[in-house]
Trainee: 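This structure is in structure tokens; I'll ask about it shortly.
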Amino acid sequence: MAEPFRIGIAGLGTVGGTLVRIVADDAAAISRRLGRPVEIAAVSARSRTKDRGVDISGFAWFDDPVELARSGDIALFVELMGGEDGPALAAITAALEAGTPVVTANKALLAAHGMQIARLAEAGGASLGFEAAVAGGIPVIKALREGLGSARIERVYGMMNGTCNYILSRMAIDAISFDDCLAEAQRLGYAEADPSFDIDGHDAAHKLAILTSLCFQSEISAGEIHVEGISGIDQADIRAAGDLGYVIKLLGIATRSDEGIEQRVHPTLIPTTSAIASVGGVLNAIALETNHVHELILAGPGAGGEATAASVLSDILDIARGNRVPPLGLPVAELAPYVRAPMRAHEGGYYIRLSVHDVPGALAAIATRMGEAGISLESVIQRPDLVAADTAGTSEARTVVLITHRTIEKSVRAALANIAADGHAAGEPRLIRIERF
Ligand SMILES: NC(=O)c1ccc[n+]([C@@H]2O[C@H](COP(=O)([O-])OP(=O)(O)OC[C@H]3O[C@@H](n4cnc5c(N)ncnc54)[C@H](OP(=O)(O)O)[C@@H]3O)[C@@H](O)[C@H]2O)c1
């Protein structure tokens, strides 16, 4: 049997602990595929004594993950601690500076420091695998770095956060409130005790930033993403959207145009007939619009120990085989500087939920303001049973839903400012962009 491929793992939590188990359970299959075994030489975590449900007694122990990363006894360093900076960044940096390949699932770190890490990997001639960082078990990084050849990608979009997809699917199917769905997701382990990172859209934004770079061969720019979360979505929105043939999803979308790159994460109405509409629950879906392959859709589990550890292992095997690919698909010097396309120029249809004072002429005045801004309306819904939670109990306010034809966001915002100035709106309007995939 050939020499084992020795790895060090820092982080033995949900993903790291599962990776230890899979490497042991699948040892024979791994050896067969690789031609040599993968051996865990050393590990690091905060607590040495915690029961992790896996036997770590045969591995060297490091209190300091940076020391493990520098160890000359490993051929690859796996970072599964998490955190944008701190020990994860220090350990990855130490490994790459020593010329040791790195595999990580850390999207937060890559979104913030991906360029620096990619430069270090290139300088040291070491590989950097991060399949697990985007959409957990879905091999989208491999598809982008290797599978699509010379295809030019024009747009990437999809559901990149399982917690949000679960909540929105459950709200639509079972007609329960956002708060109840969130509490249930926490009970089932689909949402963290502090869910803000997921439901405010930041987790999806990290993944989108990484995808955007790979899709458009541009530098990573997570700070240039327009981010809105799902906590403002009401049952009234879900029902009105459903009546009109749409579902609401939290989408990450990046588009390339002559003006630059637009990256956004926000709740979006998509037709129930679109290919990704039926991908519900905790699953993720990523769609790539390309010239040669047209539309490619990848769907599957976006998180969870098993799926994520499987992606980590897939990177480990690739690197052990000697498969060398630049971390971001191209040498860093060839990536284009990131140029942001203005969001206010975004073109599309819009869903607008207004809380309107119930006085004669209010609806006509609203329609006039829309017309003045050059916006034509596709549908107007005003039903007594459509009451948003924020206006429930206010007898003098009515919920009105407007669907616009294709227009630009600047015009919609101008019309809404005029409607507010006229005094017809009883609260903040809810604006949800529509995409017709
Ligand atoms: N969970 C998922 O479904 C999922 C999906 C995709 C990507 N990811 C990414 O995978 C990474 C790990 O996530 P996870 O869910 O496995 O996290 P987790 O369950 O919280 O585990 C984190 C591990 O890191 C260890 N750790 C933390 N700080 C450390 C330090 N200073 N020194 C040494 N060890 C330290 C912890 O040690 P103790 O156990 O001793 O406390 C723990 O074992 C994150 O970057 C996350 O974003 C996770």
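No hydrogens, no waters, no symmetry mates; every other heavy atom, side chains included, goes into these values. Along the sequence shown, the residues carry numbers beginning at 1. Worth saying up front: this structure is predicted, and the values here are computed from it rather than measured. When a ligand or atom number is given, it counts from 1 through the structure's own listing order.
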Trainee: What closest approach, in Å, do Asp63 and Ser44 show between heavy atoms, and which atom pair accounts for it?
Mentor: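 That closest heavy-atom pairing would be O-OG, 3.9 Å.
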
Trainee: Can you report which non-hydrogen protein atom sits closest to atom 25 (C) of ligand 1, along with the distance?
Mentor: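 Checked against all protein heavy atoms, atom 25 (C) of ligand 1 sits closest to Gly11 CA, 3.9 Å.
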
Trainee: Looking only at protein heavy atoms, which one is nearest to atom 42 (C) of ligand 1, and how far off is it?
Mentor: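 Scanning the protein heavy atoms, the shortest distance from atom 42 (C) of ligand 1 goes to Gly13 N, 3.7 Å.
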
Trainee: Among Lys107, Glu306, Met81, which one puts a heavy atom closest to atom 35 (C) of ligand 1?
Mentor: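 It is Met81 that holds the nearest heavy atom.
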
Trainee: What is the closest protein heavy atom to atom 44 (C) of ligand 1, and at what distance does it sit?
Mentor: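 Minimum-distance protein heavy atom for atom 44 (C) of ligand 1 reads Gly82 CA, 3.6 Å.
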
Trainee: Between ligand 1 and Arg52, can you find any atom pair, the residue atom being a heavy atom, that is separated by under 4.0 Å?
Mentor: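 The answer is yes, since Arg52 has a heavy atom less than 4.0 Å from ligand 1.
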
Trainee: Tell me, with the steps shown, if Asp73 and Ser71 meet side-chain hydrogen bond (donor to acceptor under 3.5 Å, both in side chains).
Mentor: CA-CA 5 Å; Asp73 196 31; Ser71 159; 5.1 Å; no

Trainee: Are any of the side-chain nitrogens in Glu409 or Arg433 under 4.0 Å away from the carboxylate oxygens of its partner?
Mentor: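 A salt bridge links Glu409 with Arg433.
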
Trainee: Rounded to the nearest 0.5 Å, what separation is found between the CD1 atom of Ile248 and the CD1 atom of Ile233?
Mentor: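 One gets 4.5 Å once the value is rounded to the nearest 0.5 Å.
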
Trainee: Should you measure from each heavy atom of Leu12, which atoms of ligand 1 turn up under 4.0 Å away?
Mentor: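 In order of number, 23 (C), 42 (C), 43 (O).
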
Trainee: What's the shortest distance from atom 12 (C) of ligand 1 to any protein heavy atom, and which residue and atom give it?
Mentor: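 Answer, as residue, atom name and distance: Leu80 O, 3.4 Å.
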
Trainee: Between the side chains of Arg170 and Glu184, is the shortest nitrogen-to-carboxylate-oxygen separation below 4.0 Å, so that they form an ion pair?
Mentor: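 The answer is yes: the pair qualifies as a salt bridge.
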
Trainee: What is the closest protein heavy atom to atom 38 (P) of ligand 1, and at what distance does it sit?
Mentor: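 Residue, atom and distance for the closest contact: Lys50 NZ, 3.5 Å.
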
Trainee: Taking 4.0 angstrom as the limit and counting only heavy atoms of Pro87, give me the atoms of ligand 1 inside it, by number and element.
Mentor: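 Counting atoms of ligand 1 from 1, those under 4.0 Å from Pro87 are 31 (N).
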
Trainee: May I ask you to decide whether Lys142 forms a salt bridge with Asp315, counting only side-chain N to carboxylate O separations under 4.0 Å?
Mentor: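 Not counted as a salt bridge, because no side-chain N and carboxylate O are separated by less than 4.0 Å.
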
Trainee: Against ligand 1, does Gly304 come closer than 4.0 Å with any heavy atom?
Mentor: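 So Gly304 counts as touching ligand 1.
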
Trainee: Should the pair Arg152-Glu289 be classified as a salt bridge under the 4.0 Å nitrogen-to-oxygen rule?
Mentor: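 Judged by the 4.0 Å cut-off on N to carboxylate O distance, Arg152 and Glu289 do not form a salt bridge.
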
Trainee: Indicate, as side chain, backbone, both or neither, the part of Ser47 found under 4.0 angstrom from ligand 1 when only non-hydrogen atoms are considered.
Mentor: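 Under 4.0 Å from ligand 1, Ser47 contributes backbone and side-chain atoms.
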
Trainee: For ligand 1, which part of Ala303 has a heavy atom less than 4.0 Å away: the side chain, the backbone, both, or neither?
Mentor: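 The answer is both.
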
Trainee: Should the proximity of Ala10 to ligand 1, defined as any heavy atom under 4.0 Å, be assigned to the side chain, the backbone, both, or neither?
Mentor: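 It is neither; nothing of Ala10 touches ligand 1.
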
Trainee: Check ligand 1 against Ala132 and write out every atom of the ligand that is under 4.0 Å from a heavy-atom position of the residue.
Mentor: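 Once the distances to Ala132 are compared, the set is 6 (C), 7 (C).
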
Trainee: Just need the protein heavy atom nearest to atom 16 (O) of ligand 1, so name the residue and atom and give the distance.
Mentor: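 So the nearest neighbour among protein heavy atoms is Val15 N, 2.9 Å.
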
Trainee: Using a strict threshold of under 4.0 Å (side-chain N to carboxylate O), is an ion pair present between Glu435 and Lys249?
Mentor: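 No salt bridge links Lys249 with Glu435.
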
Trainee: Using a strict 4.0 Å threshold on nitrogen-to-oxygen distance, state whether Asp203 and Lys207 make a salt bridge.
Mentor: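 Looking at Asp203 and Lys207, the cut-off is met.
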
Trainee: Can you pull out the closest protein heavy atom to atom 46 (C) of ligand 1? Residue, atom name and distance to 0.1 Å, please.
Mentor: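 Its nearest protein heavy-atom neighbour is Ala105 O, 4.2 Å.
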
Trainee: In the protein, what heavy atom is nearest to atom 19 (O) of ligand 1, and what distance, to one decimal place, separates them?
Mentor: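 Heavy-atom neighbour on the protein nearest atom 19 (O) of ligand 1: Thr14 N, 2.9 Å.
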
Trainee: Salt bridge check, Glu378 against Arg436: does any charged N sit closer than 4.0 Å to a carboxylate O?
Mentor: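 So Arg436 pairs with Glu378 through a salt bridge.
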
Trainee: So, do Tyr350 and His405 have ring centers that fall under 6.0 Å from each other?
Mentor: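 No; His405 has its ring centre 6.0 Å or more from that of Tyr350.
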
